[in-house]
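Reckoned from all heavy atoms, side chains included, excluding hydrogens, waters and symmetry mates.
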Amino acid sequence: MSKQNWMKKAATLSILPITALGVAGCNSTSGPETGTDVEDIVEEDELIDEEDVAEEADPALEPYDGAYNQDFYDDAESYVGQEVTVSADVTATLTDDSFVIAGGPDTTVDPLLVIEEQEIPPLDLGQAVKLTGTVEQAFDVAAVEEEFGIDLEDELFADYVGDPYLAVTSAEILEEQ
């Protein structure tokens with residue numbers, strides 16, 4: 001056998017395993033083995049993309065901006081540490097730096113304590129206000145006094161200890177009395 005014939009046979013034999021692997025690889029699919037066509041694969045990809053978009057647009061992940069109502073009250077813990085905007089009526093003034101709001105007449109939510117992180121204009125009982133501030137997890141008189149540099153009478157705040165509260169940075173009066 002000549003050297004040239006031997007090299008041709010060696011080259012042919014070395015290509016055969018590569019060709020066999022290539023043909024075997026052409027038979028594999030990324031989807032189910034039977035009954036799948038291109039449209040099925042495209043539809044599966046579109047569904048995944050729609051789910052990703054739905055997660056990104058989840059309103060629970062966005063800051064709250066609305067009435068102080070049952071929806072906000074039920075999800076208050078999910079807003080802890082976030083800046084929110086709530087609208088409500090002033091139902092009590094506790095000190096120059098704190099007051100209480102309640103939901104509208106169609107709700108049964110508990111009153112929400114509001115501590116002024118920044119000074120806001122004086123508010124009257126019954127005024128409808130729009131408040132922007134940070135939801136804090138659990139009211140503690142001593143911690144709030146230290147954080148905000150204010151002096152609070154413990155007895156006035158006994159009903160709010162341990163409850164979420166709102167540290168307000170701005171207020172807007174929505175209607176005149």
Side-chain angles (χ1 to χ4, degrees), residues 31 39-177:
E39 288 143 358
D40 291 337
I41 294 170
V42 170
E43 287 174 9
E44 287 177 13
D45 289 344
E46 287 174 0
L47 288 175
I48 291 171
D49 291 341
E50 288 172 8
E51 289 172 2
D52 290 343
V53 168
E55 285 179 12
E56 290 174 12
D58 185 357
L61 301 176
E62 297 176 14
Y64 184 84
D65 186 353
Y68 176 59
N69 58 20
Q70 198 68 45
D71 291 337
F72 178 84
Y73 182 77
D74 290 343
D75 290 335
E77 287 185 18
S78 68
Y79 297 115
V80 169
Q82 292 185 32
E83 185 174 86
V84 298
T85 301
V86 295
S87 301
D89 294 333
V90 175
T91 58
T93 300
L94 301 174
T95 67
D96 289 342
D97 300 310
S98 63
F99 57 96
V100 178
I101 60 172
D106 59 335
T107 63
T108 58
V109 296
D110 288 341
L112 180 65
L113 176 63
V114 178
I115 303 292
E116 295 179 17
E117 186 173 334
Q118 294 178 358
E119 190 174 329
I120 60 174
L123 302 170
D124 296 323
L125 294 180
Q127 273 186 320
V129 293
K130 185 175 186 177
L131 306 168
T132 300
T134 304
V135 177
E136 301 293 341
Q137 187 165 9
F139 180 75
D140 177 280
V141 175
V144 169
E145 287 176 328
E146 185 176 324
E147 182 177 348
F148 298 108
I150 57 178
D151 186 28
L152 304 174
E153 294 179 39
D154 292 1
E155 304 82 42
L156 286 176
F157 297 91
D159 290 342
Y160 306 101
V161 172
D163 291 344
Y165 67 99
L166 189 62
V168 170
T169 55
S170 69
E172 175 186 340
I173 298 171
L174 296 178
E175 61 186 47
E176 292 297 318
Q177 244 183 328

Chemist: Could you pull out the closest heavy-atom pair between A102 and T91, with the gap in Å?
Modeler: CB-CG2, 3.4 Å
Chemist: Run the side-chain hydrogen bond (donor to acceptor under 3.5 Å, both in side chains) test against D97 and tell me which residues pass, sequence neighbours left out.
Modeler: none
Chemist: Considering all heavy atoms of both residues, which atom of P111 and which atom of V100 are nearest to each other, and what is their separation?
Modeler: CB-CG1, 3.3 Å
Chemist: So do L125 and T93 actually touch side chain to side chain, heavy atoms under 4.5 Å?
Modeler: yes
Chemist: Can you find a pair of side-chain heavy atoms, one from V84 and one from L166, that are under 4.5 Å apart?
Modeler: yes
Chemist: Please list, chain by chain and in numerical order, all residues satisfying side-chain hydrogen bond (donor to acceptor under 3.5 Å, both in side chains) with S98, sequence neighbours excluded.
Modeler: T95
Chemist: Taking C-beta and beyond as the side chain, do D124 and V90 meet within less than 4.5 Å on heavy atoms?
Modeler: no
Chemist: Identify the residue among L112, V80, V86 that makes a side chain to side chain contact (heavy atoms under 4.5 Å, CB included) with V135.
Modeler: V80
Chemist: Does a side-chain heavy-atom distance below 4.5 Å link L113 with D163?
Modeler: no
Chemist: Run the side-chain hydrogen bond (donor to acceptor under 3.5 Å, both in side chains) test against D71 and tell me which residues pass, sequence neighbours left out.
Modeler: none
Chemist: Looking at every non-hydrogen atom in both residues, tell me the closest pair between P122 and Q127 and how far apart they are.
Modeler: O-OE1, 4.4 Å
Chemist: Kindly check if the number of other-residue, nucleotide or ligand heavy atoms within 6.0 Å of CD (E119) is above 12?
Modeler: no
Chemist: Which heavy atom of F72 sits nearest a heavy atom of A67, and at what distance?
Modeler: CB-O, 4.1 Å
Chemist: Atom CG in L174, atom CG in L131: separation rounded to 0.5 Å?
Modeler: 8.5 Å
Chemist: Taking side-chain contact (heavy atoms from CB on, under 4.5 Å) as the test, write out the residues that go with T169, two or more places apart.
Modeler: E83, E117, Q118, T132
Chemist: Which donor-acceptor pairs under 3.5 Å do the side chains of residues 138-162 make with protein atoms, sequence neighbours left out?
Modeler:
residue: D140; atom: OD1; partner: A142; partner atom: N; Å: 3.2
residue: D140; atom: OD1; partner: A143; partner atom: N; Å: 2.8
residue: E145; atom: OE2; partner: L152; partner atom: N; Å: 2.8

Chemist: Partners of Y64 by side-chain hydrogen bond (donor to acceptor under 3.5 Å, both in side chains), sequence neighbours excluded?
Modeler: N69
Chemist: At their closest point, which heavy atom of A171 faces which heavy atom of I120, and how far apart are they?
Modeler: CB-CD1, 3.6 Å
Chemist: Counting heavy atoms not belonging to D74, are there more than 12 under 6.0 Å from its CG?
Modeler: yes
Chemist: Please list all pairs meeting ring-ring contact (aromatic ring centres under 6.0 Å, His included) that have one or both residues in residues 85-120, counting only residues at least two apart or in different chains.
Modeler: none
